[in-house]
Amino acid sequence: MSIADLAAIASAMVAPGRGILAADESPRTMEQRLGLIGVASTPDSRRDYRELLFRATEPMSRYISGVILYDETIRQRAADGTPLVTLIEQAGSIPGIKADIGTKPLPFFPGEVVTEGLDGLGERLREYRALGARFAKWRAIVSISGSLPSMQAIDANAHALARYAAIAQDAGLVPIVEPEVLMDGDHHIDRCAEVSEIYLTRLYQELVAARVALEATVLKPNMVVPGASATKLASPAEVALKTVRTLKHAVPSTVPGVAFLSGGQSDEDATTRLDAMNKLGPAPWRLTFSFSRALVLAPLKVWAGRPENVAAAQRAFAERAERNARASLGTLGVTEPVRA
Ligand code: 5MM
């Protein structure tokens with residue numbers, strides 16, 4: 001695959017009025033998600049939950065540009081035997097894959113972690129490509145607390161993200177790079193801005209050094225927000241201004257799109273903040289969503305594991321997807337229909 005082909009895929013992933021569904025929850029996270037609705041997490045229940053979303057034809061085809069899958073899911077079939085990847089493709093959406101294998105403690109840096117999964121990554125990604133993936137994703141988290149994060153944690157995670165991105169492009173996949181500054185803590189929004197800017201700046205130095213073609217990547221960052229237990233809250237306008245300003249300081253304009261994670265914000269907070277960013281006017285990159293929780297928690301609760309609730313859960317998913325699609329255009333509250 002040429003870089004031009006990869007750049008075309010990256011551009012489709014952030015097409016106007018569309019965004020990404022992160023359905024790459026690991027089994028541990030799926031236990032929490034399904035635990036919320038009293039359903040045991042098994043291969044079949046995880047499949048049923050994802051099949052419900054992927055078969056929601058209208059929101060999938062209109063608003064969801066791509067779906068991030070987990071290793072188990074990219075190999076799974078729907079109840080009628082159709083591969084889940086085929087359902088996604090039939091809806092006109094692009095399948096992708098989580099490439100990292102999670103975090104490990106960073107030795108000698110208490111409370112900090114580094115994302116692993118580089119060993120054998122090229123072979124794994126080539127297999128995922130043969131299974132239908134056209135993009136990959138690697139998430140590397142840092143925490144704010146006291147004097148954390150250390151530069152060592154930022155450097156280690158930025159370096160691994162760049163190594164991954166180069167390997168992904170070499171294997172014919174568009175890398176989503178996900179440097180996440182976690183929301184946990186009581187820090188001020190300006191501390192999140194500072195840490196996010198340092199992390200993003202290091203990340204782009206590493207990506208350039210690794211000769212990654214930035215036009216064939218998508219960035220998936222956190223929004224710049226106050227800590228989850230901070231006493232001083234921030235309006236959507238403040239989050240929008242500080243997020244876009246931070247990105248402008250660190251993210252080259254050759255990157256085609258920024259698809260935010262929701263990171264534990266309430267689903268409407270994530271949506272209205274994205275909308276506020278797009279209402280600021282043109283940015284150097286498309287600003288859209290790559291949400292998990294802010295897209296799926298509402299439909300999950302409606303479904304509650306019951307077959308008779310599938311249609312209602314798909315409507316709840318359609319509503320969340322449409323609102324986020326509008327937010328990606330900055331047209332929430334505007335009456336004309338969102339572009340398909
Ligand atoms: C779906 O959640 C992904 C991570 O799952 P694990 O923690 O189980 O590995 C995560 O990478 C996700 O893609 C992003 O964080 C976006 O999800 P949110 O919920 O933050 O929008």
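Atoms within a ligand are numbered from 1 in the order they appear, just like the ligands themselves.
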In the protein, which heavy atom is nearest to atom 18 (P) of ligand 1, and how far is it? Ser262 OG, 3.3 Å
Measure the distance from atom 11 (O) of ligand 1 to every protein heavy atom, then report the residue, atom name and distance (to 0.1 Å) of the closest one. Lys137 NZ, 2.3 Å
Quick one: which ligand 1 atoms are inside 4.0 Å of a heavy atom on Ala22? 13 (O)
Minimum distance, heavy atoms only, to atom 16 (C) of ligand 1: which one of Lys220, Arg293, Glu180 is it? Lys220
Is it true that Gly263 lies under 4.0 Å from ligand 1, counting heavy atoms only? yes
Is Asp24 in contact with ligand 1, taking contact as a heavy-atom separation below 4.0 Å? yes
In this structure, does ligand 1 have an atom that sits under 4.0 Å from one of the heavy atoms of Arg139? yes
Under the salt bridge (Lys or Arg N to Asp or Glu O under 4.0 Å) rule, what do Arg320 and Asp267 come out as? Steps first, then yes or no, please. CA-CA 8 Å; Arg320 290 300 313 141; Asp267 51 14; 3.6 Å; yes
Compare all side-chain heavy atoms of Phe291 with those of Leu261 and state whether any distance is below 4.5 angstrom. no
What part of Glu25 sits under 4.0 Å from ligand 1 if we count only heavy atoms: the side chain, the backbone, both or neither? both
Closest to atom 5 (O) of ligand 1 among protein heavy atoms sits Lys98 NZ, 3.5 Å
Proximal ligand 1 atoms for Phe291, defined as those under 4.0 Å from one of its heavy atoms: 21 (O)
For Glu319, the salt bridge (charged side-chain N to carboxylate O under 4.0 Å, His left out) test, sequence neighbours excluded, returns none
Among all protein non-hydrogen atoms, which one is nearest to atom 8 (O) of ligand 1, and what is the separation to 0.1 Å? Thr29 OG1, 2.3 Å
For atom 14 (C) of ligand 1, find the nearest protein heavy atom and state the residue, atom name and distance (0.1 Å precision). Glu178 OE2, 3.1 Å
Holding to salt bridge (charged side-chain N to carboxylate O under 4.0 Å, His left out), I want the full list of residues that pass it with Asp5, two or more places apart in sequence or in another chain. none
Please determine whether a side-chain nitrogen of the Lys or Arg among Glu268 and Arg323 lies less than 4.0 Å from a carboxylate oxygen of the Asp or Glu. yes
Can you tell me which portion of Met30 lies within the under-4.0 Å heavy-atom range of ligand 1? Options are side chain, backbone, both, or neither. neither
For side chain to side chain donor-acceptor pair (under 3.5 Å), just list the numbers for Arg273 and Gln265, CA-CA rounded to whole Å, side-chain angles, deciding distance to a tenth of an Å, and then say yes or no. CA-CA 10 Å; Arg273 289 164 170 177; Gln265 304 172 66; 2.8 Å; yes
Distance-minimising heavy-atom pair for Ile176 and Ile68: CD1-CD1, 4.2 Å
Nearest protein heavy-atom contact for atom 17 (O) of ligand 1: which residue, which atom, what distance? Ser292 CB, 3.2 Å
As a quick check of understanding, evaluate salt bridge (Lys or Arg N to Asp or Glu O under 4.0 Å) for Arg75 and Glu127, giving each step before the final call. CA-CA 11 Å; Arg75 304 169 193 281; Glu127 187 200 357; 2.8 Å; yes
Flag the pair Arg50 and Asp24 as a salt bridge only when some basic side-chain nitrogen lies within less than 4.0 angstrom of an acidic carboxylate oxygen. no
